[in-house]
Amino acid sequence: MSGKQAKARRAREGRVAAVAAERLARQLTGATFWHGGAPGLQTGEVLLTAHAALIAGRTDTAHSLQKGYADGTTDSRRVYFTTDREMARGYCGLYKVDDDVAGSLYRVAPIGPVQVDPDFDGRNVSWCASGARILEVEEEQVDVDEFGAMERIGPYMAWENGDPIYSPFGHFLPSPEMGQFGITAPWLAERYRQWTPWELVQADLRSMLAAGRRPAPSSFMS
């Protein structure tokens, strides 16, 4: 590809990105954004990205403290928020420094252009920007346990192929890879209670498979 062709391609990609950004901005006009995260923040404060927070010595958006975030999959230079208030409350429940400290719910205003959160692409629920300002502290120390958190976040979660991770009733659903080991939806529904956090399910399954055990055929005949 010549330099002229590469330049033309970049120009086309830039135009497409600009149109997409404008369309998203129109879609989100008037939307209310919520963030569930570290407690103790005040109205007017700016939520920092994990990268900026690390430099500033702050932990309000530190991924390592919130199980819903994961370094390497969540962009440390973005702040995340949602248009679903209950989903944000779910992330409050995942923010656990210890058993006595839970996250708080904030109503926020994005700073800079808003983009789709790639972890929830196509779900029309989660977004990100270079920062966000707290407009109001809606709820402090949100009392939501891990199962309640999954009940609020799980409906939007999907495997890499787009299949849902949870059924509408909260039963954990197998990934295509799990199916290769004979793991089926009925077997999972029998083994785990509704809205069992996915990381607990995956840890249990890894342990079971590492021990050479497989689901008994009779357990998923339905």
Side-chain angles (χ1 to χ4, degrees), residues 35-38 50 59 61-76 78-82 84 86-103 116-128 142-222:
H35 174 85
T59 61
T61 51
H63 299 172
S64 60
L65 293 181
Q66 190 163 337
K67 297 176 185 176
Y69 291 145
D71 289 327
T73 59
T74 302
D75 190 341
S76 65
R78 308 293 288 174
V79 167
Y80 294 81
F81 38 83
T82 175
D84 184 330
E86 284 303 310
M87 184 184 189
R89 293 185 77 247
Y91 277 108
C92 292
L94 292 181
Y95 190 103
K96 293 284 187 181
V97 178
D98 56 49
D99 291 339
D100 299 322
V101 180
V116 175
D117 176 356
D119 287 341
F120 296 95
D121 190 16
R123 304 297 181 181
N124 197 35
V125 70
S126 187
W127 322 93
C128 60
V142 177
D143 186 17
V144 175
D145 64 15
E146 289 186 330
F147 288 84
M150 281 300 98
E151 186 175 4
R152 292 162 170 81
I153 302 169
Y156 301 111
M157 296 174 64
W159 297 113
E160 289 186 6
N161 68 347
D163 289 346
I165 293 180
Y166 291 92
S167 78
F169 302 102
H171 298 299
F172 194 84
L173 300 175
S175 67
E177 293 75 17
M178 291 177 187
Q180 297 174 8
F181 292 97
I183 296 172
T184 66
W187 183 85
L188 289 166
E190 181 180 339
R191 186 174 180 88
Y192 305 106
R193 59 175 283 194
Q194 291 169 286
W195 302 115
T196 296
W198 65 271
E199 66 269 19
L200 298 183
V201 174
Q202 290 193 315
D204 179 61
L205 292 177
R206 281 196 296 267
S207 176
M208 182 187 74
L209 295 174
R213 292 181 284 122
R214 299 288 189 274
S218 60
S219 68
F220 53 84
M221 292 292 289
S222 63

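Partners of R89 by salt bridge (Lys or Arg N to Asp or Glu O under 4.0 Å), not counting sequence neighbours, listed by chain and number: E86, E139. Partners of Y156 according to the ring pair (Phe, Tyr, Trp, His ring centres under 6.0 Å) rule, which considers only residues two or more places apart in sequence or in another chain, do not exist here. For D204, the salt bridge (Lys or Arg N to Asp or Glu O under 4.0 Å) partners at least two apart in sequence or on another chain are R191. Qualifying side-chain hydrogen bond (donor to acceptor under 3.5 Å, both in side chains) partners for T196, counting only residues two or more places apart in sequence or in other chains: none. P155 pairs by the side chain to side chain contact (heavy atoms under 4.5 Å, CB included) definition with W195, not counting sequence neighbours. For A185, the side chain to side chain contact (heavy atoms under 4.5 Å, CB included) criterion is met by L173, P174, not counting sequence neighbours. With sequence neighbours left out, the side-chain hydrogen bond (donor to acceptor under 3.5 Å, both in side chains) criterion links W127 to T83. Residues forming a side chain to side chain contact (heavy atoms under 4.5 Å, CB included) with L205 (at least two apart in sequence, or on another chain): M178, I183, W187, L188, Y192, V201, M208.
Side chain of T82 to backbone of V125: a donor-acceptor contact under 3.5 angstrom is found. Formation of a donor-acceptor pair under 3.5 Å by the H35 side chain with backbone atoms of Y80 is found in this model. Using modelled atom types, one side-chain atom of Q194 and one backbone atom of F169 make a donor-acceptor pair closer than 3.5 Å.
Residue C128 comes nearest to R78 through the heavy atom pair O-NH2, 3.3 Å, listed as atom of the first residue, atom of the second, then distance. When every heavy atom of G37 is checked against every heavy atom of C92, the shortest pair comes out as N-SG, 4.3 Å. Closest heavy-atom contact between G90 and A149: O-CB, 3.2 Å. Summarising the geometry of S126 relative to F120, their closest heavy-atom pair is CB-CD1, 3.7 Å, with the distance given to 0.1 Å.
In this structure, the separation between CH2 on W198 and CD1 on I153 is 11.0 Å, given to the nearest 0.5 Å. Separation of atoms CG (L94) and CZ (R152) is listed at 10.5 Å; rounding is to 0.5 Å. Once rounded to the nearest 0.5 Å, the distance linking CE of M87 with CD of E151 reads 14.0 Å. The distance from the CE atom of M150 to the CG atom of L200 is 9.5 Å, given to the nearest 0.5 Å. Distance CD/Q180 to OG/S175: 8.0 Å, rounded to 0.5 Å.
Legend: salt bridge (Lys or Arg N to Asp or Glu O under 4.0 Å) pairs involving residues 159-178, not counting sequence neighbours: none detected.
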